[in-house]
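Report on the structure given below.
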Amino acid sequence: MSTMLARLYITALITTGAGQLSAAPVTGVGDNLEALGVSVIANGERLIVVAGRRSPGKDFGPFVEVGLVVVPVAGGAGAFTKIPELDGSRADDIQYTFSNSGDLYFTKAAGAGAIRLGKVRNGRFVGVDLVLPTELASGDLSVQNIEALDDGGLDIGVRSRGNGSLVTLNPDLSVKAIRPIARSAEFQAALRLRGSSDRFVVVSSNGSPGLAAQVANELELRTADLGSTLRRHQVNGLVSRPQQSPDGKRFVVSTRSTIPGLVTAHLFDAALAPVKSLVIVQKPSYPLPVGVLLSNTRLVALHPENGKCFATVADSRDGQQLERRDVSDMPGSRCVKVVGVIAGANLMLVTTTMRATADGASASIATRVVPL
């Protein structure tokens with residue numbers, strides 16, 4: 001991404017006819033935003049985008065501000081709502097999730113032994129501090145993943161002194177339970193399998209990110225008390241947070257190494273039986289993360305490469321690859337990031353692109369709807 005950012009344009013692209021795209025500007029959201037994540041609201045008529053704003057001339061480091069952009073799928077006027085609690089955050093520091101109704105939940109550290117939890121609904125912010133037990137209070141306390149539950153509550157995977165714990169919240173954000181996760185050295189994430197109150201996937205690792213290709217990650221299917229392991233599987237490389245399908249029958253993680261550049265999506269069924277390992281990127285080097293989405297019928301991997309952005313689409317039931325599609329939005333620009341969400345039979349994408357101008361460069365975010 002260029003280090004000279006000028007003005008920002010947001011453009012919405014919608015399908016017309018047989019997969020053709022038309023563009024419509026989205027105005028009123030300010031300059032120099034980078035899309036971090038997206039969800040759908042208003043029965044699929046609008047997108048809500050988590051976006052970070054950097055200072056002019058900066059393409060790395062902390063964001064000056066972070067907020068939500070609400071954008072009609074068909075383009076038009078957008079609205080940016082600032083989240084002051086996230087000012088100064090870096091992209092990798094923000095753990096967040098969307099509820100089924102489009103509420104945003106996010107976390108950040110709030111001192112030794114505490115987590116700051118925020119909720120944004122209809123532009124209004126509510127924050128609470130979660131004070132954890134003494135045994136979890138340490139300087140290296142971190143939130144590894146946050147998941148919205150179907151009952152309106154939350155699961156928050158926390159790592160302290162390398163070990164994992166699962167903090168479960170009620171819909172009113174009060175603490176329902178805090179459970180240590182035994183044998184979870186270098187804990188990465190815990191995922192409650194949808195439709196099964198007594199099954200969790202726990203991810204832990206054995207190594208340093210500096211040796212990405214040599215990191216061995218243990219995926220375990222555990223019982224409701226998080227103590228007993230029913231099945232385990234190992235994958236190598238830097239591992240993503242697990243994502244599951246709406247029906248809970250499939251889940252996926254991706255692994256990557258920088259040198260050689262290898263990114264693989266690993267698809268499993270709800271019993272942790274491997275379904276398919278799908279190679280997404282294979283290059284001499286590749287330093288960027290790959291986003292993986294999962295529906296009941298589709299697996300989609302999103303990544304930028306050589307100035308373009310791609311969506312690799314597979315059948316999530318058997319893992320067979322169906323296509324690899326260029327989803328870069330505008331000729332003459334470099335696509336440097338892509339995030340998305342599967343909504344019904346469509347893939348909703350938000351790309352961040354750069355275009356050279358006489359003044360240096362301009363950053364552009366575009367939304368796109370792609371039929372699956």
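Below, all heavy atoms of this structure are taken into account, side chains as well, without hydrogens, waters or symmetry copies.
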ask   = Can you check whether V66 reaches F106 side chain to side chain, under 4.5 Å on heavy atoms?
value = no
query = Taking it one step at a time, do E85 and R116 satisfy salt bridge (Lys or Arg N to Asp or Glu O under 4.0 Å)?
reply = CA-CA 9 Å; E85 294 243 343; R116 182 67 170 170; 3.0 Å; yes
message = Tell me which one of D155, D247, D150 satisfies salt bridge (Lys or Arg N to Asp or Glu O under 4.0 Å) with R194.
response = D150
ask   = With distance as the sole criterion, is a donor-acceptor pair present between the side chains of S254 and H266 under 3.5 Å?
value = no
ask   = With side chains defined as the heavy atoms from C-beta onward, is the minimum distance between N346 and L372 less than 4.5 Å?
value = no
request  = Looking only at non-hydrogen atoms, find the nearest pair between L278 and G319 and report the distance.
outcome  = CD1-O, 4.1 Å
query = Strictly by modelled atom types, are N170 and S174 linked by a side-chain donor-acceptor pair under 3.5 Å?
reply = yes
inquiry  = Any heavy-atom pair between the side chains of L166 and I178 that's under 4.5 Å?
reply    = no
task = Look at atom CG of N43 and say whether more than 12 heavy atoms of other residues, nucleotides or ligands are closer to it than 6.0 Å.
result = no
inquiry  = Within the structure provided, determine whether V369 and L347 are in side-chain contact (heavy-atom separation under 4.5 Å).
reply    = no
key: Expected output: side-chain S99 to main-chain D103 donor-acceptor under 3.5 Å   = yes
task = Look at atom CZ of R324 and say whether more than 12 heavy atoms of other residues, nucleotides or ligands are closer to it than 6.0 Å.
result = yes
key: Co-membership, hydrophobic cluster, residues V300 and L267, 4.5 Å side-chain   = no
query = Under 3.5 Å, is there a donor-acceptor pair linking the side chains of S204 and Q188?
reply = no
message = Between L141 and V131, is there shared hydrophobic-cluster membership here, with clusters defined by ILVMFWY side-chain heavy atoms closer than 4.5 Å?
response = no
key: Criterion side-chain hydrogen bond (donor to acceptor under 3.5 Å, both in side chains) on E147 and T97, from CA distance to verdict   = CA-CA 6 Å; E147 307 291 339; T97 189; 4.9 Å; no
inquiry  = Pair D315, R298 - check side-chain contact (heavy atoms from CB on, under 4.5 Å), show working.
reply    = CA-CA 5 Å; D315 190 315; R298 292 291 181 266; 4.0 Å; yes
request  = Could you give me the CA-CA distance, side-chain angles and deciding distance for R222 and L230, then say whether side-chain contact (heavy atoms from CB on, under 4.5 Å) is met?
outcome  = CA-CA 6 Å; R222 294 202 184 189; L230 303 174; over 6 Å; no
The single option from K337, R53, R90 passing salt bridge (Lys or Arg N to Asp or Glu O under 4.0 Å) against E34 = K337
ask   = Near K119 NZ, under 6.0 Å, is it more than 12 heavy atoms from other residues, nucleotides or ligands?
value = yes
ask   = Can you find a pair of side-chain heavy atoms, one from Q144 and one from V158, that are under 4.5 Å apart?
value = no
inquiry  = Determine whether a donor-acceptor pair (N or O, by modelled atom type, separation under 3.5 Å) exists between the side chain of S285 and the backbone of I259.
reply    = no
key: Derivation and outcome, side-chain contact (heavy atoms from CB on, under 4.5 Å), residues L173 and L117   = CA-CA 9 Å; L173 304 185; L117 173 69; 3.9 Å; yes
key: More than 12 heavy atoms of other groups within 6.0 Å of D92 CG   = no
query = Would you say R256's side chain and V281's backbone share a donor-acceptor pair under 3.5 angstrom?
reply = no
task = Begin from the C-alpha positions of F80 and V70 and carry the test side-chain contact (heavy atoms from CB on, under 4.5 Å) through to its verdict.
result = CA-CA 7 Å; F80 179 83; V70 178; over 6 Å; no
inquiry  = Salt bridge or not between R183 and E218? Use side-chain N to carboxylate O under 4.0 Å.
reply    = no
message = I'd like to check F251 versus L219 (side-chain heavy atoms, cut-off strictly below 4.5 Å). Are they in contact?
response = yes
